[in-house]
Undergrad: 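Below is the structure I would like to discuss, written out as structure tokens.
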There are 2 protein chains.
Amino acid sequence: MIEKLLLKLRARDSLSPVEETALREGIAEVRDYPADKTFVREGELLNFSTLLIEGLVCRYKDLSGGERQIAAIHVPGDFVDLHSFSLKRLDHSIMTLSPCKVGIVPHDRLTKITETLPHLTRLLWFSTNVDAALHREWELSLGRRDALSRTAHLFCELQARLEVVGMAEPDGYDLPLTQTELAECLGLTNVHVNRTLKVLRERGLVDFRGHRVTIQDREALEQVAEFNRAFLYLDRRVF
Amino acid sequence: MIEKLLLKLRARDSLSPVEETALREGIAEVRDYPADKTFVREGELLNFSTLLIEGLVCRYKDLSGGERQIAAIHVPGDFVDLHSFSLKRLDHSIMTLSPCKVGIVPHDRLTKITETLPHLTRLLWFSTNVDAALHREWELSLGRRDALSRTAHLFCELQARLEVVGMAEPDGYDLPLTQTELAECLGLTNVHVNRTLKVLRERGLVDFRGHRVTIQDREALEQVAEFNRAFLYLDRRVF
DNA sequence: CGCAATCTTGAATCATTTCAACATAAGTGG
DNA sequence: CCACTTATGTTGAAATGATTCAAGATTGCG
């Protein structure tokens, strides 16, 4: 259930058996959601956080004109809204991008962790800080990378994140997103995403079709994206 | 020294005298930096976090072509890089925008707080989560708001954040930024920022000149920006 | 199989950038 | 305190990347 979360945390630091148990017992309930289901709405009061076990989830914000910006994508093993533990009401909504299985972690169990397991607390805090680092990389993409580089960067990011949890092959991964959803991540229109995907494919960098990302030339792709995996904090910390 | 930080934390939750003391004693040293000084570089190993006491600071990322994206602006009372406590090496650099006074908080003192003061730990965790909420709002701006609305939104955000720490009047505040730096926040060119500022001024919304922001019509400005202060988490949490 | 969602392409339009020139303000040394 | 220098702000015109609108093709689903 929490195996992918453990993979990710252990890539960074070690976990004692007690800590592992605390995490395991943090999950009060497991729920299944269908695709395209908004299961947390902006502003709603929460008393639990959600651990993604299977499927893809995104967090998004809307403008009054109907424009949507996806602020983050989550893969299995991610705490989707661990930050709701301190924020209580979120500034964004959360929806599934594919059918999902999620673990419900009541906030009082997290409070207990903060009272008794400081090292685990720091690890959980760390994981919300990694989320913020992802946001910053997206800010850079949205603010300064052009459509091609921005799109390439997202594909690189997901390759790296999925690899850690054993869900990517060296040459690519499944990505159950529509071009419109991709556009909502990238701050572009679906039409322009379509054209950009074509260019990426024709240049022999990545091919995204039929919900499958095929990395054609990883090195060249990462170069176009100016991708550097350090910001993902997936590697053991080095002092 | 930490008065503005306390103002901000108390706007959200209460703090015991012991917690207040722990924060106060967290500061090992106070440093002064001149304007435009990058005092933390991306990737460098850190063993302290920085509390901003006076002046303005930003966190930024660069691309190889020299394009810069500012990911966050910090006002007095903000922990600029509390996240370096768990990340150790940052994915961005940090520089002053004006002459600054900062407090140096060694990571081992933060570790001690996590071991002995769980409630204060949660409050500090909360404050890094608010940073992430700001990043998300900027993602929305960068991805979906046009230049006018995006610029208006930043002015609204800073008005609200400066008010909490007593650094804004009802009609505006000092903002020691150049148009080029503003452009680096907004994902625009300095030329376009200049034109956008002119439109905002001519429409009677805000006037930014000579390092001073004058809010001409707050209601109309917030409407153009689609500004809602909830994402700042400046208000006491409501259950 | 048939309908709806998604993808694809072209052409016109629009927001923003680029380049370049000039104006103003701020900072420094004599 | 003025003159000189550099940084910052302003404006116009042309170019560009992305959007919009619209139509047709393809895919996936009940």
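Every chain is numbered from 1 and lettered A, B, ... according to where its sequence line falls, protein lines coming before strand lines.
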Undergrad: Report the distance from atom CG of L142(A) to atom P of dA18(D), rounded to the nearest whole Å.
TA: 12 Å

Undergrad: For the pair made of CZ in R209(B) and C1' in dA26(C), what is the distance, rounded to whole Å?
TA: 17 Å

Undergrad: Let me know the distance between NZ of K198(A) and P of dG17(D), rounded to the nearest Å.
TA: 17 Å

Undergrad: Without decimals, in angstroms, what is the distance between L197(B) CG and dG9(D) P?
TA: 9 Å

Undergrad: Would you call R161(B)-E137(B) a salt bridge at under 4.0 Å N-O?
TA: no

Undergrad: What is the distance, to the nearest angstrom, from the CG atom on N194(A) to the C1' atom on dT26(D)?
TA: 12 Å

Undergrad: Between dT17(C) atom C1' and D146(B) atom CG, what is the distance in whole Å?
TA: 16 Å

Undergrad: E184(B): which residues meet the side chain to side chain donor-acceptor pair (under 3.5 Å) condition with it, sequence neighbours left out?
TA: none

Undergrad: Step by step, would you call D62(B) with R144(A) a salt bridge (charged side-chain N to carboxylate O under 4.0 Å, His left out)?
TA: CA-CA 9 Å; D62(B) 286 315; R144(A) 292 296 180 217; over 6 Å; no

Undergrad: Quick check on DNA chain D: between R195(A) and G210(A), whose nearest nucleotide comes earlier from the 5' end?
TA: R195(A)

Undergrad: Please report the distance, rounded to the nearest Å, between CG in D36(B) and P in dA26(C).
TA: 15 Å

Undergrad: Where is the tightest heavy-atom contact between V165(A) and L7(A), given as atom of each residue plus distance?
TA: CA-CD1, 3.9 Å

Undergrad: To the nearest Å, how far apart are E67(B) CD and dT17(C) P?
TA: 12 Å

Undergrad: Taking atom CG of L197(B) and atom CG of N190(B), what is their separation to the nearest 0.5 Å?
TA: 11.0 Å

Undergrad: Please work out which residues in residues 171-192 of chain A have a non-hydrogen atom less than 4.0 Å from an atom of DNA chain D and list them by number.
TA: G187(A), L188(A), T189(A), V191(A), H192(A)

Undergrad: Rounded to the nearest 0.5 Å, how far does CG of D131(A) lie from CZ of F79(A)?
TA: 11.0 Å

